[in-house]
Amino acid sequence: MKSNNRMKTLGGLVALLMTLAPLAANAAQVQLEVALGNPVLLANEKQTTFVKVGLTGFAMQSNEDRPPVNVAIVLDRSGSMSGDKIERAKEAAKMAVDRLSPKDIVSIVTYDHTVNVLLPATKVTDKGYIKNEISKIQPGGNTALFAGVSKGAGEVRKFLEDNRVNRVILLSDGLANVGPSSPGELANLGESLAKEGMAVTTIGLGLGFNEDLMTQLAFKSEGNHYFVAEEAELAKVFNTEFGDVLSVVAQDVVVDIDCREGIRPIRILDREGNIDGQRVNVKIPQIYSNQQKYVLLEVEIPASEEGSTLPIANVSVSYNNMETKTSDDLSSSVSARFSGSRTVVKESVDKDVLVPAVRSIANIANEEAVRYRDEGKMEKAKEALISNQAYLQQQARELEAPTLFDDADENRQDAASLESGDWAMRRKVITERSYQLRTQQQNIAPSKN
Amino acid sequence: MKIRFVIPLILLILTPLGLLAWLGVLLASQERASVEERYVGLIREDLQSIALRIDRMIEDRERKMLSAIDDYLAGDIRIEDMGADNPTVSEPFLLDSSRDPVYPKPGQGHDAFLNRTVEIWGDPSLFRGESGEGETQVLRAGRILDSNDSFGWETWYWNRGMNFLFWRALPDGGVIGFEVNRARLIADIIEELPDTHSDGRPSEEKQFRLIDSQGKSLYQWGAFTPEEGSDPIVSNNLEDPLSSWSLQVFAPSDYLKSDGLSSYAMSLWLGLIAVGLGLLAVGYLVIREYTREMREAEQRVTFVNQVSHELKTPLTNIRMYAELLQDEIAEESPSLAKKTRIIAEESGRLSRLIGNILTFSRKERAKLQLHFSKGVLDETIRATLDQFRPLLTAKGIEIDLDLKTPDNVYFDSDAVGQMVGNLLSNVEKYCHPKSRVSLTTFRKGANLVVEIADNGPGISKSEREKIFRPFYRVSNELTDGVTGTGIGLSISRDLARMHGGDLILLPSDTGSHFRITIQIQSIEENRGS
């Protein structure tokens with residue numbers, strides 16, 4: 001009958017919509033995973049474990065859907081850049097510009113002891129003109145790094161919008177010597193830019209730059225950091241960086257971890273965040289497609305009965321979805337079970353949580369070792385590195401994680417370079433490695449020897 | 001051109017030139033000073049407008065911070081979240097009425113902030129506006145405030161430089177505020193300042209610098225790079241709270257030249273050169289005129305000399321043949337002898353006249369020379385006297401002789417003859433008949449003296465020196481109608497002086513008393529040389 005037919009069509013439509021809806025809903029969302037390092041804990045014992053909040057960027061549906069980019073390329077043209085270095089830098093910048101499209105905005109700022117806004121923020125409609133301007137760059141005098149970054153940020157600020165990927169990419173080969181030049185001051189600048197929603201990526205070229213300054217500048221906005229030993233690698237590095245820039249899927253990510261009753265949050269590993277009573281709040285500036293950023297929270301679990309289940313935390317995440325241009329909210333939660341059997345506990349260990357946790361802990365120890373070495377305390381530095389190496393090896397065995405063996409080996413090499421003439425180079429390698437671990441930077445430049 | 005022309009010429013040119021140059025330099029330096037002032041004034045205006053821009057930017061940040069504080073006071077946000085999305089600020093803080101921190105407390109994760117601000121807390125004198133400041137602040141940041149509502153900046157030195165706290169007073173006596181992100185403040189200022197394009201435009205040859213309280217350069221712009229340690233040409237402080245920061249301008253040391261001042265100097269130099277050339281031309285023309293007259297005079301003298309020379313030779317012949325004739329005819333016919341004698345005498349006179357002229361012209365041309373030879377002065381005197389004897393006797397003038405130099409000496413007998421001849425000629429011309437003339441010679445040391453004295457009309461006191469001037473002839477009724485060139489005494493004196501002596505007119509009551517003195521070398525001395 002007629003009404004029956006109508007009902008059927010309506011039903012069919014509803015069914016169709018219902019199958020489509022999840023697709024539409026899930027098609028472009030960050031994937032949230034909350035896990036415990038030890039999902040099964042030993043009963044009747046107070047103990048600590050790690051909560052890992054993992055966020056994986058989704059793949060963009062198509063290249064056209066990617067958010068427009070608003071980027072300033074800040075190039076050092078101090079005297080030390082003359083010759084091959086500046087030429088390679090120019091080439092790399094041009095190649096990067098080639099990857100942009102007319103919906104993107106680019107600006108080029110060069111600096112020696114003065115700053116030249118070579119190309120004010122402009123839409124990438126005439127690539128030929130832009131590349132021509134880049135060709136004109138000539139090396140000059142000193143290094144006003146702070147001013148270069150300031151002016152670059154100023155250019156990005158002109159078209160600063162939530163819906164764009166706003167970034168300053170800095171290339172420097174030397175020590176800042178005009179204007180504010182300390183890591184602390186650059187860190188403060190980076191922090192203020194992060195508050196505005198601007199990320200700063202730093203590329204250090206050669207052995208003359210200050211890696212602490214460069215990493216601290218990038219840290220608060222979780223921009224990338226690269227140590228490029230040879231200028232021939234610059235093109236690849238720029239390519240890698242622009243690969244990230246063009247694949248931002250989420251910005252202004254806010255992670256709220258609400259620890260349940262009885263659970264005490266101890267510390268956030270390797271990240272900055274707020275612990276306020278039971279609430280833990282962490283901000284992550286951006287997430288790239290198919291890359292995972294995570295938060296590791298060490299928590300204290302009260303003694304609980306065997307066989308019981310204890311809710312550990314509720315996690316809620318909000319972020320700007322760069323594809324749909326809306327705000328997304330995600331939530332999840334995690335609980336622990338208790339068992340009397342150590343074997344069960346051991347077998348249930350979640351390597352995906354504990355291996356990153358171990359690496360973060362080792363990272364913190366490595367950074368301390370570098371500080372000792374900076375202060376001239378060779379013996380203490382060596383001690384720290386070697387005990388770290390032992391820790392990593394032990395954990396590698398327990399968790400059966402080959403990555404940790406590799407990390408231990410790196411430690412051994414670090415210890416060996418402590419007193420050699422190689423230390424300047426090694427320190428940059430360590431700093432880069434340490435930074436990339438802290439910020440979960442995955443697009444890593446080609447390895448150095 | 002003689003040297004005595006060169007010096008006045010140089011003076012003529014250099015004096016006005018020097019005056020003009022001095023005036024010109026004076027003017028130029030005044031002009032330069034005023035141009036410099038104007039130039040510096042323009043730059044200062046530039047700096048002031050930059051300082052104003054920066055001040056407005058600071059006001060804008062103040063507004064935003066006050067707005068965040070308003071949100072907190074309205075209960076919209078918690079103290080820990082205040083300013084979380086404001087890039088200008090780092091840390092919020094809350095103080096009680098004794099200026100101790102209420103927020104943050106140690107151990108809340110802001111210990112670094114508390115450490116670096118530890119000097120400021122607990123000081124009740126801080127975070128207070130001056131009385132009455134509330135009124136002026138009504139205009140600040142575009143807010144209407146009453147006099148209790150004060151806000152401001154506190155600065156203190158830590159680590160790398162001046163740090164800033166922005167605060168606002170609370171009704172309960174407490175204070176709320178922010179630590180300002182110093183690096184961001186600097187970056188914001190840099191945003192207001194120009195960048196540098198290396199076009200190489202020469203008009204951009206300046207460098208501007210923003211300097212912090214420790215003299216460190218925060219930012220630089222401009223195409224010029226000054227030398228280490230050079231001073232700025234202009235300096236201007238920023239407004240509060242950045243009043244210990246300043247803007248400086250550097251320029252190359254010749255920064256004014258490019259402003260056309262060099263063209264001023266150019267035209268000055270050109271002017272001076274033109275005047276100098278003009279004066280040179282005038283001087284040259286004047287001298288040319290003068291020397292032309294001199295040249296013409298010289299030509300005349302030369303002509304006279306030439307003529308005299310031409311006359312001399314035929315005259316010598318006439319005299320010679322006249323004297324020969326005299327000797328031959330003397331015995332044969334007295335009337336012929338008389339006629340011949342007159343020929344000889346007149347030609348002798350002509351000879352003497354020409355001799356005078358030639359001597360004079362040689363003197364003028366500085367070509368007069370004495371010719372020394374061995375001889376006896378007395379004989380020269382007698383020979384000359386013999387020439388005049390007939391004339392003197394004819395006029396009834398008696399001659400007294402007292403010659404006492406019979407020795408052989410070296411002297412120029414022609415010169416002596418000319419001198420004595422001139423004196424005797426004068427005697428013959430000016431003395432009345434029945435006068436006496438005496439000739440005396442004697443030796444006086446290395447000199448020989450010839451004195452000729454007469455009792456003629458004498459020479460008046462006023463003319464005693466004038467008579468030795470060339471061409472001068474005493475003019476009174478007695479001598480009118482007397483011939484002569486007026487050069488006799490002049491050349492005689494010249495000759496005497498050339499001979500190491502002199503011709504002087506001795507004072508005398510009656511007549512004229514001339515004394516010739518000549519220096520002689522005795523034969524013995526001469527032989528030795």
Side-chain angles (χ1 to χ4, degrees), chain A residues 77 109-118 120 136-142 144 146-155 157-158 160 177-198 216-217 220-221 252 254 267-268 272-276 281 283, chain B residues 61 78 80-81 83-91 104 107-110 112-113 116 158-164 179-200 204 206-212 214 216-226:
Chain A
R77 63 175 166 90
V109 174
T110 66
Y111 66 90
D112 56 6
H113 50 274
T114 60
V115 181
N116 183 357
V117 180
L118 189 67
K136 293 181 188 169
I137 299 172
Q138 286 299 320
N142 281 326
F146 185 94
V149 175
S150 299
K151 286 282 187 198
E155 292 304 307
R157 199 168 294 126
K158 288 180 186 172
L160 190 67
N177 52 25
V178 177
S181 307
S182 67
E185 289 167 301
L186 272 300
N188 281 346
L189 179 61
E191 179 179 355
S192 79
L193 296 178
K195 275 188 182 176
E196 279 180 285
M198 230 187 276
Q216 288 186 41
L217 174 57
K220 278 291 195 321
S221 64
D252 298 325
V254 180
R267 61 172 171 162
I268 310 164
E272 292 208 339
N274 248 347
I275 300 181
D276 188 13
N281 178 279
K283 293 199 174 77
Chain B
R61 302 299 182 267
R78 304 178 306 158
E80 41 266 84
D81 295 331
D85 53 358
N86 185 339
T88 311
V89 305
S90 305
E91 304 263 7
Q108 288 178 328
H110 300 273
F113 167 66
R116 50 178 188 269
W158 182 78
N159 207 17
R160 244 154 280 283
M162 213 167 63
N163 288 47
F164 306 91
E179 181 191 32
V180 172
N181 185 333
R182 180 180 187 269
R184 178 51 182 251
L185 196 68
I186 296 170
D188 282 349
I189 293 175
I190 291 176
E191 259 306 281
E192 296 293 322
L193 300 172
D195 66 335
T196 307
H197 290 262
S198 38
D199 294 21
E204 299 301 325
K206 292 195 282 277
Q207 193 189 66
F208 292 76
R209 284 188 192 175
L210 173 66
I211 305 288
D212 72 5
Q214 292 165 329
K216 211 177 83 143
S217 170
L218 293 172
Y219 180 63
Q220 301 172 355
W221 75 101
F224 170 63
T225 307

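Hydrogens, waters and symmetry mates play no part in the numbers below; they use all other heavy atoms, side chains included. Numbered from 1 within each chain, the chains take letters A, B, ... in sequence-line order.
Ranked by heavy-atom pairs under 4.5 Å with chain B, the first of A:Ala153, A:Ser192, A:Gly179 is A:Ser192. Most heavy-atom pairs under 4.5 Å with chain B, from the set A:Lys136, A:Glu191, A:His113: that is A:His113. The most heavy-atom pairs under 4.5 Å with chain A, out of B:Glu80, B:Arg184, B:Gln220, come from B:Arg184.
Both the backbone and the side chain of A:Leu193 come within less than 4.5 Å of a heavy atom in chain B. Neither the backbone nor the side chain of A:Asn274 has a heavy atom closer than 4.5 Å to any heavy atom of chain B. Residue contact with chain A, scored on non-hydrogen atoms closer than 4.5 Å, is absent for B:Thr88. Residue A:Ala144: no heavy atom, backbone or side chain, is found under 4.5 Å from chain B.
Closest approach of B:Ala187 and A:Phe146 over heavy atoms only: N-CE2, 3.8 Å. The minimum heavy-atom distance between A:Pro180 and B:Leu218, with the atom names listed, is CD-O, 3.9 Å. Between A:Glu196 and B:Pro87, the shortest heavy-atom distance links the atoms CG-CG, 3.3 Å. Of all heavy-atom pairs spanning A:Glu185 and B:Ala183, the tightest one is O-CB, 3.2 Å. For B:Asp85 against A:Lys195, the heavy-atom pair with the smallest separation is C-CD, 4.4 Å. Across all non-hydrogen atoms, the minimal contact from B:Asp195 to A:Val117 is OD2-N, 2.5 Å.
Here the NE2-OG1 distance, from B:His197 to A:Thr114, works out to 10.0 Å after rounding to the nearest 0.5 Å. To the nearest 0.5 angstrom, A:Asn281 atom CG is 8.5 Å from B:Asp81 atom CG. With rounding to the nearest 0.5 angstrom, the OG1 atom of B:Thr196 is 8.5 Å from the NZ atom of A:Lys151.
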* Where do B:Arg78 and A:Asp276 land on the side-chain contact (heavy atoms from CB on, under 4.5 Å) test, with the steps shown first? -> CA-CA 13 Å; B:Arg78 304 178 306 158; A:Asp276 188 13; 3.3 Å; yes
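Formation of a donor-acceptor pair under 3.5 Å by the B:Asn181 side chain with backbone atoms of A:Asn188 is found in this model.
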